[in-house]
Amino acid sequence: MLRTRSTVTSPMWVRHRQNDRLGGVALLALAFVVAAIGTALVAWVLVTIYSRKQEARQPFVRVAEINEISVDPEPWGLNWPNQYDGWKSTAGDKFYGGSSAMPQSKLEKQPWLKRLYAGYAFSIDYREARGHAYMLYDQGVTERVTKKPQSGACLHCHGSTTVMYRKVGLEAMGKEATDEVLAAHFNKEAVQRGFEEVSTLSYAEVLGLLKATPDGTPGEETPVFPPAPTKEMAGAPLPEGHPATGGGEAHPVTCIDCHNPQTMAIRITRPGFINGIAALADGDAPVAHLPSVERWRRGDRTQPYDPNTDATRQELRSFVCGQCHVEYYCANKMTLTFPWKNGLKMEDLERTWDETTFPDGSAFYDYTHGETGANVYKAQHPEFELWSQGVHARNGVSCADCHMPYQRVGAAKVSNHHVRSPLENLNAACQNCHHISESQLKERVETIQSTNLALLERAAGAMTDMLDAILEAKAAGADAESLQPALDLQRKAMWRLDYISSENSRGFHAPQEAARILGESIDYSRQAEATALRIRAPAAPDIEGIPIEPIQGVTPDKVIAEEQRAPAPSSLGDENAG
């Protein structure tokens with residue numbers, strides 16, 4: 001009998017078919033989910049890239065209008081909040097006012113400074129530096145100002161003075177100086193004229209002018225950082241004649257001192273620097289670290305070198321600091337001067353001062369030393385000059401690269417406006433170039449600075465010995481004429497010691513140059529000491545008859561007899577050999 005195949009499907013086979021269908025659906029769903037996630041991720045990346053590009057193209061939103069009268073930094077802070085916050089942070093977590101919050105006295109830490117500055121206001125009060133937030137306040141409460149009249153030229157750097165210079169300059173030129181005129185443009189000619197007009201005025205007079213100058217926020221007279229006290233200091237009434245601090249606002253260095261308010265481009269505003277760098281360019285001193293100056297020298301020189309048109313942006317990142325962190329004359333016998341016409345080395349500056357005379361024809365000097373009567377030079381804070389002699393300057397590293405390193409804020413790359421020691425920010429300030437650990441970097445810096453301090457103290461010891469010797473010579477009856485050679489050496493020795501002592505990197509900006517300068521200071525101090533001792537001491541006795549041992553050669557003049565010679569060593573291993 002013929003049998004046919006059964007058409008009945010087994011249950012197990014059915015279950016396998018169902019499972020296959022479910023697996024396919026699940027796989028398809030999973031693929032859809034993965035594709036959706038991938039698409040969303042790609043879309044997010046593209047949107048982020050686009051938004052970052054847009055953010056980078058427009059790193060700020062101008063919500064406040066600022067112009068050439070906007071000295072008050074608060075409106076700038078509305079447009080550039082990150083930079084503004086960094087600037088404010090130079091005060092630390094909180095602004096500490098009052099004499100009890102003043103930093104440590106250098107005179108207590110290094111008592112020899114009192115003798116270095118004898119007869120000068122720095123022997124009264126000289127303290128460790130604080131951040132930019134304190135630069136105007138601390139000047140208002142230092143006893144250098146409250147106990148001894150000072151020149152208003154000091155405010156060239158301690159206050160935001162560009163609008164004041166322009167206002168005074170326009171008035172001196174017989175031109176209109178309304179708020180509208182001042183706000184319109186920088187007017188370099190008026191700034192220069194105003195600078196010259198106020199350079200010889202007193203501190204009280206210039207501070208009064210500064211407070212009477214509009215700052216772009218009329219009706220608002222509360223500065224970001226408190227002014228110096230108006231009625232008392234350290235709990236005592238201010239002395240008679242102390243500069244009035246009420247009425248109007250005065251600001252420390254602010255945004256307008258370094259930036260164009262329309263473009264935010266870095267610019268130079270201080271006339272002292274503009275004049276000084278033009279004199280440097282017009283000379284022939286080597287400036288390998290300033291390529292724009294060398295380029296200008298190769299040109300037709302029809303116009304003076306102008307950092308705002310001739311300098312590179314990288315150079316400007318040092319020039320804005322060099323407006324103030326420099327050596328200059330800032331008393332009231334002549335216009336504030338940067339001594340750069342002969343170059344930026346210490347002896348170049350010294351040569352410039354040696355060649356300088358006051359308007360009355362008398363020889364230049366900063367002050368008469370209170371102990372010896374020598375006319376000496378006072379170094380201010382020559383960071384820019386010492387930096388120019390160091391390896392960082394020669395490799396194109398600017399001041400801002402280390403003290404205001406770039407940081408990322410979203411997509412924007414901005415300079416950190418919390419200006420401070422690179423030691424407080426080693427990763428951003430140093431490790432972009434030096435690929436070693438922070439501990440190694442810190443150790444290197446501390447080695448340089450501790451070595452500098454040790455040599456500085458030796459130079460200070462030589463200086464005090466020199467002063468003692470000169471005083472002894474004066475006590476012995478030496479007259480001014482006979483002492484003059486020692487006093488000339490004293491000026492050289494003290495200038496060099498003060499140059500490195502006043503420079504705030506503790507030798508780091510150019511370690512070898514700092515050591516060279518201190519070595520010269522020690523040498524000049526010892527020369528002056530020896531000169532004074534010769535003047536003080538009785539006449540030296542005649543040394544003509546003193547027996548002198550003749551030079552002995554290695555080979556005796558007479559041949560030693562054979563039998564007197566010592567036996568030769570028996571072997572190379574003999575302990576007497578050699």
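In what follows, every heavy atom counts, from backbone to side chain, and hydrogens, waters and symmetry copies are set aside.
Taking E68 as the reference, R267 meet the salt bridge (Lys or Arg N to Asp or Glu O under 4.0 Å) condition, with sequence neighbours excluded. The side-chain hydrogen bond (donor to acceptor under 3.5 Å, both in side chains) search around R313 returns Y406, not counting sequence neighbours. Checked against side-chain hydrogen bond (donor to acceptor under 3.5 Å, both in side chains), K114 has no partners two or more places apart in sequence or in another chain. Under the rule for a side-chain hydrogen bond (donor to acceptor under 3.5 Å, both in side chains), the partners of E385 that lie at least two apart in sequence or sit in another chain are W340. Taking the side-chain hydrogen bond (donor to acceptor under 3.5 Å, both in side chains) definition, one finds that E457 meets it with Q110, W112, sequence neighbours left out. Remark: D498 pairs with K378 by the salt bridge (Lys or Arg N to Asp or Glu O under 4.0 Å) rule, at least two apart or across chains.
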Check: How far apart are the C-alpha atoms of D138 and R127, what are their side-chain angles, what is the distance that settles it, and do they pass the salt bridge (charged side-chain N to carboxylate O under 4.0 Å, His left out) test?
Finding: CA-CA 9 Å; D138 285 357; R127 298 178 181 273; over 6 Å; no

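Y499 has its ring centre no less than 6.0 Å from the ring centre of Y377. For F95 and Y137, the gap between ring centers is short of 6.0 Å. Annotation: F225 is not in aromatic contact with Y134 [ring centroid separation under 6.0 Å not met]. Between W387 and H289, a ring centre-to-centre spacing shorter than 6.0 Å is recorded.
The 12-atom threshold is not exceeded at CZ of R458, counting heavy atoms of other residues, nucleotides or ligands nearer than 6.0 Å.
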